[in-house]
Structures are given as structure tokens and as C-alpha cells.
Amino acid sequence: IGASRNYMLALDLSSGEYFRWANSDDLFAPEGLARCVEVLDREPSVVLAYPKTKFIDERGNIISEYEDEMHIQSPRASERFAQVIEKLGYVNIIYGLMRANILRQTGLLRNFPGGDIPLVAELVLYGKFHEIPEFLFFRRLHPTASSSYKDDVSLTQEFFDPSTKGKISLRQWRHLWTHARSVMRAPLGIAEKIRLWLFILRMGVWKRNLLARELIGAVRHIARRLQMKASKLFAGSRN
């Protein structure tokens with residue numbers, strides 16, 4: 001059913017006050033969950049708590065430490081959103097502990113490449129992120145991990161949603177549109193929403209070259225498909 005629907009099924013089947021996704025190839029220290037629960041119990045303004053990350057290989061050997069820098073504590077949602085967009089690299093924070101009721105108010109995990117990025121950015125509109133200053137999460141990097149996929153097409157078809165095989169990705173455009181919809185949905189005042197929309201507009205300007213390349217690629221993809229269909233129709237008419 002693809003990763004996105006599988007992740008959503010796990011959430012649908014859950015009933016706890018707090019929730020976290022746990023991939024089968026990663027490791028979480030025994031005390032990691034307790035540390036996160038302590039933070040969420042103590043600080044109602046925090047919507048997600050997560051420990052620091054170490055990368056491990058397929059045998060469990062430590063490769064390196066990773067600085068997520070996702071201790072996002074600003075009282076203003078627009079500032080928190082900007083910090084997430086500017087600092088987010090490997091999206092290890094998606095495996096932190098979240099308030100389930102807040103998570104369910106978002107657009108959840110989307111079925112396109114990098115669909116976890118808009119979710120993390122949307123979560124921070126609802127509250128703060130807290131980083132546990134201990135290395136308690138161990139993310140496994142190996143050839144079949146989703147982070148090892150090199151292009152949008154294989155990511156979409158083989159990992160996120162097999163039903164989208166052959167469809168155009170438009171990753172950057174989808175991310176911008178999803179961010180804008182997240183702001184619309186968030187329980188924020190109009191002034192704060194305007195600040196967020198202006199920031200998203202600036203993101204589009206920063207990424208204008210990527211956005212243009214995606215549109216050109218989409219046009220070429222459509223042209224190839226039309227050409228193939230025309231060739232088949234022509235061959236059929238000759239027969």
C-alpha cells in the first residue's frame with residue numbers, strides 16, 4: 001500500500017494520548033520514550049519531543065552523530081515555521097513523540113516525495129519542539145532505506161505510493177502548495193497567517209529555478225506520453 005498509507009494506518013489504529021512512528025530498521029533507546037513523555041507531560045506548549053540522533057549502519061555500528069537543531073522554542077508560529085524550513089535536513093524529528101490530538105488536526109503525511117517535510121512544518125504552527133539533549137535515537141542508513149533513493153520517480157513509485165506510478169511528481173510545487181494550505185488550516189490570527197504566506201512566497205522566489213525546471217520537466221513528460229500515444233494510434237490505423 002506504500003509508506004504513506006502504511007504510516008496513516010498505524011495512526012488510525014492508535015488510541016494513545018501521545019504517538020510516534022517507529023520504523024522497523026531504526027532503534028530507540030529504552031529510556032528515550034520516557035524522556036519524551038516527561039517533556040510533554042510537563043510542558044503543554046510543546047507538541048513534539050525528540051532525542052538527539054546517531055546514524056548507524058546495517059550492522060548497528062555508529063556512523064556519525066547528527067545535529068538536528070530542532071529545539072524550536074519561539075512563542076511566535078511564523079518564527080518557528082521559518083526556523084524549521086531553514087534548519088530541517090534529515091527529517092529525524094518525524095520519529096519523535098507527538099501529541100496525537102494535534103497530529104490529527106494536520107494534513108498528516110502526504111503521499112509524495114518529502115511528504116514528511118510539510119508535516120513537520122505544519123506541526124510547529126501548533127506549538128514548540130523540544131530536543132532531549134541525549135543521543136537516544138539511532139537511525140539506520142542502508143541501501144534499501146528511503147533516504148537512499150536518488151530520484152523522485154523511484155521514491156514515488158517504490159516507496160511512498162505505488163498507485164502514483166507514471167504520474168508527474170512536481171515536488172517543489174506540491175510542497176509550497178501544501179505549506180500554504182497548512183497555514184490556512186492552522187488556528188492562527190490573520191496577521192500571523194499573512195506573515196507565514198509572505199514567507200512561503202519568498203520560498204517560491206528562492207526556489208524559482210527549481211520550480212521552473214519542474215515545470216519544464218512536466219511539459220516534456222506530457223509531450224513524450226502524447227507522442228507515444230500518437231505513435232500507437234498511427235501504428236494501429238496502418239494495421
Side-chain angles (χ1 to χ4, degrees), residues 4-5 7-8 10-12 14-21 36-51 67-132 160 170-208 210-211 214:
S4 296
R5 288 172 62 195
Y7 275 49
M8 292 304 96
L11 178 61
D12 289 343
S14 70
S15 59
E17 178 183 358
Y18 303 143
F19 176 85
R20 76 172 291 263
W21 281 296
C36 293
V37 169
E38 288 170 3
V39 172
L40 293 179
D41 282 350
R42 184 179 69 244
E43 301 183 32
S45 63
V46 173
V47 296
L48 187 155
Y50 77 101
E67 293 296 333
D68 292 282
E69 298 184 346
M70 287 286 111
H71 190 69
I72 310 293
Q73 296 287 301
S74 173
R76 176 172 285 181
S78 57
E79 292 178 358
R80 297 196 303 266
F81 183 88
Q83 289 170 14
V84 165
I85 294 298
E86 291 165 2
K87 295 180 178 181
L88 197 61
Y90 279 90
V91 195
N92 303 312
I93 194 170
I94 198 71
Y95 303 113
L97 190 68
M98 298 167 265
R99 297 188 187 277
N101 65 320
I102 298 298
L103 178 59
R104 289 189 170 95
Q105 293 178 48
T106 69
L108 301 175
L109 191 68
R110 282 71 172 190
N111 67 337
F112 51 78
D116 49 358
I117 294 173
L119 173 55
V120 171
E122 184 171 7
L123 276 169
V124 86
L125 299 177
Y126 291 79
K128 301 173 183 178
F129 292 168
H130 186 104
E131 181 183 77
I132 310 295
F160 283 100
L170 291 176
R171 169 178 172 150
Q172 299 298 333
W173 285 97
R174 287 191 175 192
H175 278 218
L176 287 176
W177 173 246
T178 304
H179 288 321
R181 292 188 65 186
S182 297
V183 172
M184 179 71 75
R185 182 168 39 240
L188 301 170
I190 187 63
E192 192 69 346
K193 288 188 176 185
I194 290 173
R195 292 188 192 97
L196 286 158
W197 281 322
L198 288 174
F199 180 81
I200 293 167
L201 183 61
R202 287 196 296 271
M203 287 173 60
V205 175
W206 300 333
K207 297 183 176 184
R208 59 187 179 275
L210 282 174
L211 294 169
E214 282 192 348

Given the rule in the side chain to side chain contact (heavy atoms under 4.5 Å, CB included) test, do D41 and E38 qualify, once you have shown the distances and angles that lead to the verdict? CA-CA 5 Å; D41 282 350; E38 288 170 3; 5.9 Å; no

So does E131 get a backbone contact from the side chain of H71, meaning a donor-acceptor N/O pair under 3.5 Å? yes

Just jot down the side chain to side chain donor-acceptor pair (under 3.5 Å) partners of E67, sequence neighbours excluded, or say none. K52

CD1/I94 to CG/L119 distance, rounded to the nearest 0.5 angstrom? 4.0 Å

Qualifying residues under side chain to side chain donor-acceptor pair (under 3.5 Å), relative to R181, sequence neighbours excluded: none

Kindly determine whether I93 and L88 satisfy side chain to side chain contact (heavy atoms under 4.5 Å, CB included), including the steps that lead there. CA-CA 9 Å; I93 194 170; L88 197 61; 4.2 Å; yes

Using atom types as modelled and distance alone, determine if a side-chain donor or acceptor of R208 lies under 3.5 Å from a backbone N or O of V205. yes

Measuring from atom OG of S78 to atom CD1 of I194, what distance do you get when rounded to the nearest 0.5 angstrom? 11.5 Å

Reference residue L97; test side chain to side chain contact (heavy atoms under 4.5 Å, CB included); the match among L40, V39, L48, I132: L40

Specify the closest pair of heavy atoms between Q172 and E214, including all atoms of both residues, with the distance to one decimal. N-OE2, 2.8 Å

Parallel, tilted or perpendicular: ring planes of F112 versus H175, cut at 30 and 60 degrees: tilted

Closest contact, heavy atoms only, R104 versus S14: NH2-OG, 3.1 Å

How long is the gap from CG on L109 to CE on M8, to the nearest 0.5 Å? 4.5 Å

Candidate list L123, I85, V124, test side chain to side chain contact (heavy atoms under 4.5 Å, CB included), partner R80, passing option: V124

Please find the pair of heavy atoms, one from C36 and one from A49, that lie closest to each other, and give the distance. SG-O, 3.5 Å

Salt bridge (charged side-chain N to carboxylate O under 4.0 Å, His left out): which pairs involve residues 105-128, sequence neighbours left out? R110-E122, E122-R185

I'd like to know if the side chain of R20 reaches the main chain of Y50, judged simply by a donor and an acceptor atom lying under 3.5 Å from each other, with no hydrogens or angles considered. no

Taking side chain to side chain donor-acceptor pair (under 3.5 Å) as the definition, give me every residue that meets it alongside K87, ordered by chain and number, with sequence neighbours left out. none

Considering all heavy atoms, the nearest T106-L103 contact: OG1-O, 2.6 Å

For the backbone of R76 and the side chain of S74, can you confirm whether one donor and one acceptor N or O come within less than 3.5 Å of each other? yes

Going by ring-ring contact (aromatic ring centres under 6.0 Å, His included), name the residues that satisfy it together with Y7, two or more places apart in sequence or in a different chain. W21

Gap separating the CD atom of Q83 from the CE atom of M70, nearest 0.5 angstrom: 8.0 Å

Heavy-atom closest contact (V84 atom, A121 atom, distance): CG1-CA, 4.1 Å

Mind listing the closest non-hydrogen atom pair of P187 and Y126 along with its distance? CD-CE2, 3.3 Å

Name the atoms and distances for all side-chain donor-acceptor pairs under 3.5 Å in residues 195-204, with sequence neighbours left out.
from : atom 1 : to   : atom 2 : distance (Å)
R195 : NH1    : E192 : OE1    : 2.5
W197 : NE1    : A180 : O      : 3.3

V47 vs M98, side chain to side chain contact (heavy atoms under 4.5 Å, CB included): CA-CA, chis, key distance, verdict: CA-CA 6 Å; V47 296; M98 298 167 265; over 6 Å; no

